Amino acid sequence: QVHLVESGGGSVQAGGSLRLSCEVSEYRYRRLCMAWFRQAPGKEREGVASIYNRDGSTYLADSVKGRFTIAQDIAKNTVYLQMNSLKPEDTAMYYCAADPGPSCRPDGPRLRDFGYWGQGTQVTVSS
């Protein structure tokens, strides 16, 4: 069983920054594809970033590329999503998710592959 606990959401003005954290149980002992998804009201949940813990390979969706960064600190069992140059359209509930497996999909995280989820953290960007 993998437990995920997110933190770091909040409210910022457009152009601001936030860093989300996801503490992951057993992170250093398992092969995990970690991903950040987000869901805005009335919209489907979408994957915005992923990282594979064994080799650090990453994926960023086009909508966040150049503004968001995903990173890991294995010693702290934590995955981060650094969000810069935030826009109002980034407003959503952000979820950390884990998929035990040999790699992450190179074309981005697929919702149905992820069986472990955090509770979510709200990000609100005002114009």
Side-chain angles (χ1 to χ4, degrees):
Q1 190 77 2
V2 179
H3 296 283
L4 312 176
V5 179
E6 300 119 332
S7 61
S11 297
V12 296
Q13 290 190 327
S17 297
L18 284 172
R19 187 178 76 163
L20 305 183
S21 299
C22 176
E23 188 170 352
V24 187
S25 66
E26 304 185 355
Y27 191 63
R28 71 189 73 181
Y29 304 117
R30 303 186 66 164
R31 298 179 182 272
L32 294 171
C33 175
M34 299 299 304
W36 287 96
F37 288 80
R38 66 185 181 186
Q39 188 166 22
K43 294 190 176 181
E44 293 186 352
R45 194 170 296 191
E46 62 168 343
V48 297
S50 66
I51 185 167
Y52 189 61
N53 70 340
R54 292 298 174 145
D55 63 11
S57 57
T58 62
Y59 164 88
L60 290 169
D62 287 344
S63 58
V64 304
K65 201 170 291 183
R67 301 187 298 120
F68 291 11
T69 303
I70 187 170
Q72 62 180 359
D73 186 333
I74 294 176
K76 295 184 177 180
N77 295 320
T78 302
V79 175
Y80 302 99
L81 186 67
Q82 178 67 43
M83 306 185 295
N84 298 327
S85 302
L86 283 161
K87 304 176 181 180
E89 51 263 45
D90 295 317
T91 294
M93 185 72 80
Y94 283 72
Y95 297 91
C96 178
D99 171 29
S103 66
C104 290
R105 291 175 61 88
D107 56 347
R110 189 170 58 182
L111 187 65
R112 64 177 181 264
D113 291 337
F114 291 80
Y116 300 99
W117 292 85
Q119 79 283 2
T121 186
Q122 178 67 37
V123 172
T124 302
V125 184
S126 58
S127 57

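These numbers come from a predicted model, not from an experiment. Reckoned from all heavy atoms, side chains included, excluding hydrogens, waters and symmetry mates. Numbers here are sequence positions counted from 1.
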Treat each ILVMFWY residue as a node, draw an edge where side-chain heavy atoms are under 4.5 Å apart, and state whether [X] and [Y] are in one component.
| X | Y | answer |
| --- | --- | --- |
| I74 | L4 | yes |
| V64 | Y94 | yes |
| F68 | I51 | yes |

Taking the side chain as every heavy atom from C-beta outward, state whether [X] and [Y] have any pair of such atoms under 4.5 Å apart.
| X | Y | value |
| --- | --- | --- |
| Y116 | L32 | no |
| W36 | E6 | yes |
| D90 | M83 | no |

Return the minimal non-hydrogen interatomic distance between [X] and [Y], and the atom names on each side.
| X | Y | value |
| --- | --- | --- |
| L81 | A49 | CD1-CB, 4.0 Å |
| Y59 | P106 | CD1-O, 3.6 Å |
| Q1 | R30 | N-NH1, 3.7 Å |
| S85 | S17 | N-OG, 4.3 Å |

Other than F114, what residues sit in its cluster of Ile, Leu, Val, Met, Phe, Trp and Tyr side chains whose heavy atoms are under 4.5 Å apart, directly or through others?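 Noted: F114 shares its cluster with F37, M93, Y95, L111, W117.
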Say you draw a straight line from OG of S127 to CD of Q13; how long is it, rounded to the nearest 0.5 Å?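 If I round to the nearest 0.5 Å, the distance is 9.0 Å.
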Taking atom CZ of R31 as the centre, does the number of heavy atoms from other residues, nucleotides or ligands within less than 6.0 Å exceed 12?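 Atom CZ in R31 is not crowded, with 12 or fewer foreign heavy atoms closer than 6.0 Å.
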Taking NZ, NE, NH1 and NH2 as the nitrogens, is one of them in K65 or D62 under 4.0 Å from a carboxylate oxygen of the other?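 D62 and K65: salt-bridged.
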Is any side-chain N of the basic residue among D99 and R105 closer than 4.0 Å to the acidic one's carboxylate O?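 No, no charged N to carboxylate O under 4.0 Å.
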Pairwise side-chain hydrogen bond (donor to acceptor under 3.5 Å, both in side chains) hits with a residue in residues 41-50, at least two apart: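 For residues 41-50, and leaving out neighbouring residues, the side-chain hydrogen bond (donor to acceptor under 3.5 Å, both in side chains) pairs sorted by first residue read R38-E46, Q39-R45.
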Check for a donor-acceptor pair, side chain of Y80 on one end and backbone N or O of T69 on the other, with a separation under 3.5 Å.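 The answer is no, because no donor-acceptor pair under 3.5 Å joins these two groups.
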Among Q72, R28, E26, whose side-chain contact (heavy atoms from CB on, under 4.5 Å) with N77 holds?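 Only match with N77 under side-chain contact (heavy atoms from CB on, under 4.5 Å): R28.
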I70 and side-chain contact (heavy atoms from CB on, under 4.5 Å): which partner among V79, V48, L20?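 With I70 as partner, V79, V48, L20 yield a single side-chain contact (heavy atoms from CB on, under 4.5 Å), made by V79.
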Walk me through whether K76 and Y27 qualify under side-chain contact (heavy atoms from CB on, under 4.5 Å). CA-CA 9 Å; K76 295 184 177 180; Y27 191 63; over 6 Å; no
Show, in sequence, the C-alpha distance, side-chain angles and deciding distance for M34 and V24, and conclude whether the side-chain contact (heavy atoms from CB on, under 4.5 Å) test is met. CA-CA 9 Å; M34 299 299 304; V24 187; 3.6 Å; yes
What pairs of residues pass the disulfide (SG to SG under 2.5 Å) test when at least one of them lies in residues 82-127, not counting sequence neighbours?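 For residues 82-127: C22-C96, C33-C104.
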Please step through side-chain contact (heavy atoms from CB on, under 4.5 Å) for the pair T124 and Q122, ending with a clear verdict. CA-CA 6 Å; T124 302; Q122 178 67 37; 3.4 Å; yes
